[in-house]
There are 2 protein chains.
Amino acid sequence: MLKIAKSVEYALFAIKYIHESGNRECVSVKEISDSMNIPYELLAKIMQRMVKNGIITSQHGTNGGYILNNKPDAIFLGQIVGALGLKIQMTDCLVHDPTVSDCARFKTCCLRSPISKIQDKINLLFDHTTVQELI
Amino acid sequence: MLKIAKSVEYALFAIKYIHESGNRECVSVKEISDSMNIPYELLAKIMQRMVKNGIITSQHGTNGGYILNNKPDAIFLGQIVGALGLKIQMTDCLVHDPTVSDCARFKTCCLRSPISKIQDKINLLFDHTTVQELI
DNA sequence: CATATATCCGACTAAAATTATCGTATATCT
DNA sequence: AGATATACGATAATTTTAGTCGGATATATG
Ligand code: SF4
Ligand code: SF4
């Protein structure tokens with residue numbers, strides 16, 4: 001229960017790898033996926049999502065790859081989760097747009113509010129944890 | 001991501017229902033599942049698990065059912081999770097018996113320890129949240 | 001300009017976890 | 001004895017997550 005997505009781990013490993021590659025121009029998905037034993041296609045998708053969300057920058061073509069936009073201590077765990085299109089959602093009803101919830105109990109449920117508070121605390125935890133602390 | 005098991009919600013609803021039934025002898029699964037719209041068989045199993053873990057007591061036979069062993073303010077969310085055989089486990093490696101982990105990265109992984117600390121905080125949160133606060 | 005390399009992106013498939021159901025046994029009240 | 005209700009393991013259905021595939025676009029280099 002309360003499992004973190006594998007993709008988040010992969011993203012963190014990738015950031016760590018690029019960061020430790022230091023001054024090199026950029027690092028390709030192939031190199032990362034080979035070194036860290038991460039499925040190539042899956043990691044590629046993860047990288048693309050992180051580009052879209054401004055965490056890394058991509059370089060197409062020969063000798064291309066990815067560069068970190070920020071130091072790991074300026075990237076937050078919550079950012080990674082968001083970039084991957086994921087979100088912390090403990091129940092079906094805790095969505096940004098509450099009209100979307102398909103839970104039949106929605107209107108009368110007593111759990112929503114207190115669970116929401118717990119979720120908020122976890123979100124806060126994620127938003128304050130830097131990638132530096134994780135890698 | 002980080003979804004709470006539906007069974008936990010069902011368990012909480014059941015406890016709430018029994019609690020609000022007040023001074024009655026005991027409350028059957030059928031009555032709870034009908035009132036709260038919870039699948040009967042599933043709730044039955046949940047109740048059995050809670051019996052085994054001392055949260056409720058069962059009464060077999062005609063007019064049987066379940067009774068709360070404690071007031072909701074003396075039952076903790078973490079207890080419910082544990083009773084249902086669930087546990088907060090953010091990664092594959094964060095198991096009680098670490099030799100069981102089947103993650104190939106286990107030995108060298110840098111994420112385990114920091115993620116474990118986050119998990120500890122969430123566990124603490126669960127262990128300090130009473131059912132009273134939730135229902 | 002041609003070619004090799006590497007990112008981009010949506011759709012698809014496979015695997016795992018969760019949720020729900022079934023069948024049968026056991027206990028208890030009337 | 002008969003009706004009612006819990007006990008419990010096994011199985012099925014559903015949902016979510018993880019991983020794969022195919023084809024497109026961009027760029028360095030010769
Ligand atoms: S409304 Fe209540 S039952 Fe429905 S998803 Fe939210 S917490 Fe769960
Ligand atoms: S060892 Fe690392 S990669 Fe493996 S499950 Fe734990 S955190 Fe994830």
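Each chain gets a letter, A, B and so on, in the order its sequence line appears, and its residues count up from 1.
- Protein atom CD1 of A/I32 is 8 Å distant from nucleotide atom P of C/dT7, rounded to whole Å.
- Following rounding to the nearest Å, B/K52 (NZ) and D/dC8 (P) show an atom-to-atom distance of 5 Å.
- For the residue pair A/S28/A/E31, the side-chain donor-acceptor check at 3.5 Å is not satisfied.
- If you measure from atom CG of A/N63 to atom C1' of C/dT7, you get 13 Å, rounded to the nearest angstrom.
- Closest-nucleotide positions on DNA chain D for A/G61 and B/K30 were compared, and the one nearer the 5' end corresponds to B/K30.
- Distance, A/F13 CZ to D/dA18 C1': 16 Å, rounded to whole Å.
- By the criterion of side-chain heavy atoms lying less than 4.5 angstrom apart, applied directly or through intervening Ile, Leu, Val, Met, Phe, Trp or Tyr residues, A/I88 is grouped together with A/I46 in one hydrophobic cluster.
- Within 4.0 Å (heavy atoms only), A/A44 reaches no atom of the nucleic acid at all.
- Nearest-nucleotide mapping onto DNA chain C: of A/K3 and A/M47, the residue sitting toward the 5' end is A/M47.
- Nearest nucleotide to the side chain of A/P39, out of C/dC8, D/dT20, D/dA7: D/dT20.
- Of the candidates D/dA7, D/dT20, C/dA20, the closest approach to any side-chain atom of B/H60 belongs to D/dA7.
- Looking only at atom types and distance, the side chain of B/T130 has no donor-acceptor partner in the side chain of B/D73 under 3.5 Å away.
- Per the geometry, CD1 belonging to B/I46 stands 14 Å off P belonging to C/dT18, to the nearest Å.
- Listed nucleotides D/dC8, D/dT20, C/dC8 differ in distance to A/L42; the shortest reach to its side chain belongs to D/dT20.
- Within the 4.0 angstrom heavy-atom criterion, only backbone atoms of the sugar-phosphate kind lie near B/G64; the bases stay farther away.
- Remark: B/S58 is in phosphate contact with D/dA7, judged by side-chain N or O atoms under 4.0 Å from OP1 or OP2.
- If you check every strand for non-hydrogen atoms under 4.0 Å, B/Y40 touches a base.
- Checking B/I4, B/V8, B/N123 one by one against B/V81, the side chain to side chain contact (heavy atoms under 4.5 Å, CB included) holds for a single residue, B/V8.
- Picking from D/dC21, C/dT7, C/dA20 the nucleotide with the shortest atom distance to the side chain of A/E41 gives D/dC21.
- Atom pair A/L2:CG and C/dT18:C1' shows a separation of 14 Å (rounding to whole Å applied).
- Side-chain N/O atoms of A/T62 include none lying less than 4.0 angstrom from OP1 or OP2 on C/dT3.
- Under 4.0 angstrom from either OP1 or OP2 of C/dC29 there lies at least one side-chain N or O belonging to B/Q59.
- Distance, B/D92 CG to C/dA16 P: 11 Å, rounded to whole Å.
- Salt bridge present: B/E20 and B/K16 bring a charged side-chain N and a carboxylate O closer than 4.0 Å.
- Per the geometry, CZ belonging to B/R49 stands 10 Å off P belonging to D/dC8, to the nearest Å.
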Test B/S35 against B/Y17 for side chain to side chain donor-acceptor pair (under 3.5 Å), laying out the working first.
CA-CA 9 Å; B/S35 307; B/Y17 190 92; 3.2 Å; yes
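- For A/K45, counting side-chain heavy atoms from C-beta on, the closest listed nucleotide (D/dA7, D/dA10, C/dA11) is C/dA11.
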